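Working notes, beginning with the structure itself.
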Protein chains: 2
Amino acid sequence: MATIKDVAKLANVAPSTVSRVIANNPRISDKTKVRVREAMGELGYHPNFIARSLANKSTEAIGLVIPSSADKAFQNPFFPEIIRGISKGVHQKHYSLQMSTGETEDEIFEGVMQMVEGKRVDGIILLYSRVDDKLTGYLKRKKFPFVIVGKPFKDIEEITHVDNDNYRAAKEVTEHLIYLGHEQIAFVGGNLNFVVTIDRLLGYEKAIRNANLVYRDEYIVHEEFLKEGGQEAVKELFSLKEPPTALVVADDLMALGVLNMLDTMGINVPNDVSVVSFNNVMLSEVSRPPLTTVDINIFQLGYEAAKNMIQIIEEPLEPMKRIIVPYRIVERQSCIEYVKEHLQSV
Amino acid sequence: MATIKDVAKLANVAPSTVSRVIANNPRISDKTKVRVREAMGELGYHPNFIARSLANKSTEAIGLVIPSSADKAFQNPFFPEIIRGISKGVHQKHYSLQMSTGETEDEIFEGVMQMVEGKRVDGIILLYSRVDDKLTGYLKRKKFPFVIVGKPFKDIEEITHVDNDNYRAAKEVTEHLIYLGHEQIAFVGGNLNFVVTIDRLLGYEKAIRNANLVYRDEYIVHEEFLKEGGQEAVKELFSLKEPPTALVVADDLMALGVLNMLDTMGINVPNDVSVVSFNNVMLSEVSRPPLTTVDINIFQLGYEAAKNMIQIIEEPLEPMKRIIVPYRIVERQSCIEYVKEHLQSV
DNA sequence: TTGTAAGCGTTATCAC
DNA sequence: GTGATAACGCTTACAA
């Protein structure tokens with residue numbers, strides 16, 4: 001493989017000159033630039049990134065931390081989509097992307113340490129935000145550049161993050177249900193350790209309280225993911241004396257599970273119960289019925305995360321930032337007006 | 001940040017000794033090992049991976065190439081799942097994972113070149129196999145270590161790859177339909193540029209011919225992805241004078257689209273038409289009806305790819321390998337026996 | 001068993 | 001404008 005020295009020799013210049021040509025340094029005459037570039041072409045030269053990184057103390061790589069791959073949550077189309085966004089932002093600036101997952105929390109932590117201590121990356125994007133997360137604390141202590149997708153659990157004023165206004169979205173969506181005449185609205189959320197769950201729950205609660213509806217604990221269920229989660233939630237909810245007539249579900253995939261279970265129980269959506277969920281993942285269009293859901297702009301979430309991560313790396317003095325990506329309620333066919341004396345279908 | 005020299009100083013040894021301790025070189029006395037390790041602990045020393053890579057000419061990183069992120073295919077849960085498998089294999093050997101996507105083919109190619117020429121990775125895993133793929137040719141020419149998930153289009157004897165026996169799986173699944181009494185069986189595939197589509201189509205064809213059924217061109221549709229794809233396919237197929245009574249669909253997600261469209265057309269699955277698909281992605285359990293599908297062991301596909309990639313890197317003399325991951329037909333509720341004079345429901 | 005010193009391929013700091 | 005030369009932090013002959 002050709003090195004910078006070979007090029008220098010062939011072009012009859014010093015290695016440092018070649019380096020300057022690579023960096024397109026303006027103090028090099030056009031003549032030699034051309035000469036050097038020719039030499040590079042002739043030798044099929046490509047700069048060695050590793051060597052450059054060492055000299056530079058910059059890897060132009062950013063690390064991506066994905067939540068524990070053990071659970072099925074990982075199969076959520078949310079991830080490919082946000083990775084797409086991140087990927088775009090990262091490529092635009094010619095950075096590369098380094099992934100890290102693990103089955104347990106400790107494995108993940110281990111992976112991140114490797115990246116940070118080994119100086120394999122210049123910054124880290126966290127794809128989730130959990131209550132009392134070890135990682136966040138670690139990165140803050142190390143003063144290592146990072147951004148969170150989602151809302152930090154604490155130190156919210158010090159950590160750059162990109163998020164939706166989940167509180168407001170949940171509130172709005174619940175209000176929509178209320179507006180449709182529903183008074184018995186349940187909330188089906190994911191793990192309460194995720195900040196996003198909390199926000200959405202809080203928004204839901206606010207809407208309920210504002211409308212002077214009773215906030216009932218038995219209408220709040222937190223379940224693991226999808227299949228089992230959706231099933232359990234639905235079973236619980238619909239064995240109550242007063243089952244809900246509408247459901248706010250914190251995730252499309254969970255909603256799919258819910259829809260499925262409702263169907264096998266012979267409960268019709270939207271005639272018997274309305275369902276609204278979050279994310280507007282591609283699948284929500286194709287479910288039966290198609291889901292009314294809030295589009296949180298996953299792609300943009302990722303794109304912004306990447307852009308801001310790189311900005312922090314390149315301009316370390318920049319203040320912390322909070323980027324709020326807009327959401328949009330997509331009405332499809334899983335919600336309808338609640339009619340007091342409606343007939344149970346079938 | 002502490003370097004190897006700082007540790008050496010503190011432990012009163014030469015830097016090379018520290019290096020040997022890191023590598024756990026047996027020729028270092030236990031005494032000094034202990035002393036050095038203490039020094040490392042005291043200073044919070046962690047080896048710098050970049051420096052090591054430069055000296056070593058090995059990055060212990062492997063690059064992952066994901067198909068064009070532009071189309072929705074990318075949102076297929078197939079990817080998170082295979083990444084999980086790869087991730088596991090890669091972590092086991094303490095390698096890291098570098099992702100590369102792009103919106104166009106050229107962008108992807110560009111990204112791979114960066115990885116290869118810049119020596120950012122030691123090997124590359126291709127997550128798809130396409131007819132006449134530029135990348136494959138490039139990597140072969142460069143003699144850069146790589147493995148393909150799927151079946152190479154050419155040079156199949158020279159390229160290490162991990163795949164299912166898609167031909168046989170498709171054949172078997174079609175035979176199953178035939179066994180159930182179906183004689184009008186259509187094939188809904190993805191892009192014919194993907195080798196996997198070809199294999200599955202060929203298996204289907206073989207089964208049809210073996211059974212002396214007529215192989216009709218109008219029963220073969222290749223469509224883009226999911227929503228539109230599924231819709232188009234179904235529309236076409238069911239406007240024929242003799243619409244099929246069973247469908248072999250090359251992907252679960254596509255099958256979801258198909259199910260959806262069938263539903264809006266008032267065609268019942270499985271009563272009016274049976275559907276079988278591929279991949280056994282988590283969603284296939286939750287569709288209405290749950291899909292009969294072939295489980296291709298996505299996770300293992302990824303895991304094997306990673307393991308073999310690393311083996312090739314570490315033992316470059318190893319011969320090429322073909323790893324065939326077993327599949328398994330998962331029967332759920334989308335297929336039933338075909339009854340000649342059955343009544344169209346509704 | 002350990003130390004010395006060269007080298008990995010760049011960039012950066014001085015000179016000129 | 002361009003050239004020497006010293007980093008960058010580690011590994012690895014070769015010596016001792």
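Chain naming here is simple, since letters A, B, ... match the order of the sequence lines and numbering starts at 1 in each. Nothing here was measured: the structure is a model prediction, and the numbers come from that model.
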Given DNA chain D, 5'-ward residue of the pair B/A2 and A/N12, judged by closest heavy atom: A/N12
Identify which nucleotide among D/dG3, D/dT11, D/dG9 has an atom closest to any side-chain atom of B/A51, counting heavy atoms from C-beta outward. D/dG9
Is A/H91 close to B/E110 at the side-chain level, that is, under 4.5 Å between some pair of heavy atoms? no
Smallest separation among heavy atoms of A/V116 and A/L139, with atom names: CG2-CD2, 3.9 Å
Ignoring hydrogens and geometry beyond distance, is a side-chain donor-acceptor pair present between A/S19 and A/S16 at under 3.5 Å? no
Can a donor-acceptor pair be found, under 3.5 Å and without considering hydrogens, that links the side chain of B/D6 to the backbone of B/T3? yes
Between CG of B/N25 and P of D/dA13 the distance, given in whole Å, is 12 Å
Measure the distance from CG on B/N48 to C1' on C/dC8 and round it to the nearest whole Å. 13 Å
Considering all heavy atoms, the nearest B/P145-B/I313 contact: CB-CG1, 4.4 Å
Here's a test for you: under side-chain contact (heavy atoms from CB on, under 4.5 Å), which of A/M320, A/M309, A/R322, A/Q311 qualifies with A/T160? A/M320
Pairwise 5' ranking along DNA chain C for B/T17 and A/I4, keeping only the more 5' one: B/T17
Classify the nucleic acid contact of A/Y45 as base, sugar-phosphate or nothing, counting any heavy atom under 4.0 Å across all strands shown. sugar-phosphate
For the pair made of CG in A/L54 and P in C/dT11, what is the distance, rounded to whole Å? 11 Å
Atom CG of B/D6 to atom C1' of D/dC10: distance rounded to whole Å? 13 Å
Could you walk me through whether B/Y45 and A/E117 satisfy the side chain to side chain donor-acceptor pair (under 3.5 Å) test, starting with their C-alpha distance in whole Å, then the side-chain angles of each, then the deciding distance to 0.1 Å, before giving a yes or no? CA-CA 8 Å; B/Y45 169 81; A/E117 310 285 359; over 6 Å; no
Between NZ of B/K119 and P of C/dG9 the distance, given in whole Å, is 9 Å
Is the phosphate of D/dG1 approached by A/K31 (side-chain N or O, under 4.0 Å from OP1 or OP2)? no
How far does the helix from C/dT1-D/dA16 to C/dC16-D/dG1 bend, going by the axes of its first and last five pairs, to the nearest 10°? 40°
Under 4.0 angstrom, heavy atoms only, what part of the nucleic acid is B/V18 near: base, sugar-phosphate, or nothing? nothing
So, OP1 or OP2 of D/dC10: does either fall under 4.0 Å of a side-chain N or O from B/S53? no
Scan nucleotides 12-14 of chain C against the protein and return all N/O pairs shorter than 3.5 Å with their distances rounded to 0.1 Å.
unit_1	atom_1	unit_2	atom_2	d
C/dT13	O4	A/R20	NH2	3.2

Separation of A/M1 atom CE from C/dG7 atom C1', in whole Å? 19 Å
Is the phosphate of C/dT11, meaning OP1 or OP2, less than 4.0 Å from a side-chain N or O of A/R52? yes
In whole Å, what is the span from the CD atom of B/E60 to the P atom of D/dC10? 15 Å
Just checking, is any N or O donor in the side chain of B/T59 or B/R120 under 3.5 Å from an acceptor N or O on the other one? no
OP1 or OP2 of D/dT2 sitting under 4.0 Å from any side-chain N/O of A/T32? yes
Do A/F144 and A/V121 make a side-chain contact, defined as non-hydrogen atoms from C-beta onward lying under 4.5 Å apart? yes
To the nearest angstrom, the NZ-C1' distance between B/K5 and C/dG3 comes to 14 Å
A/F49 six-ring centre to A/R52 NZ/CZ under 6.0 Å and within 45° of normal: yes
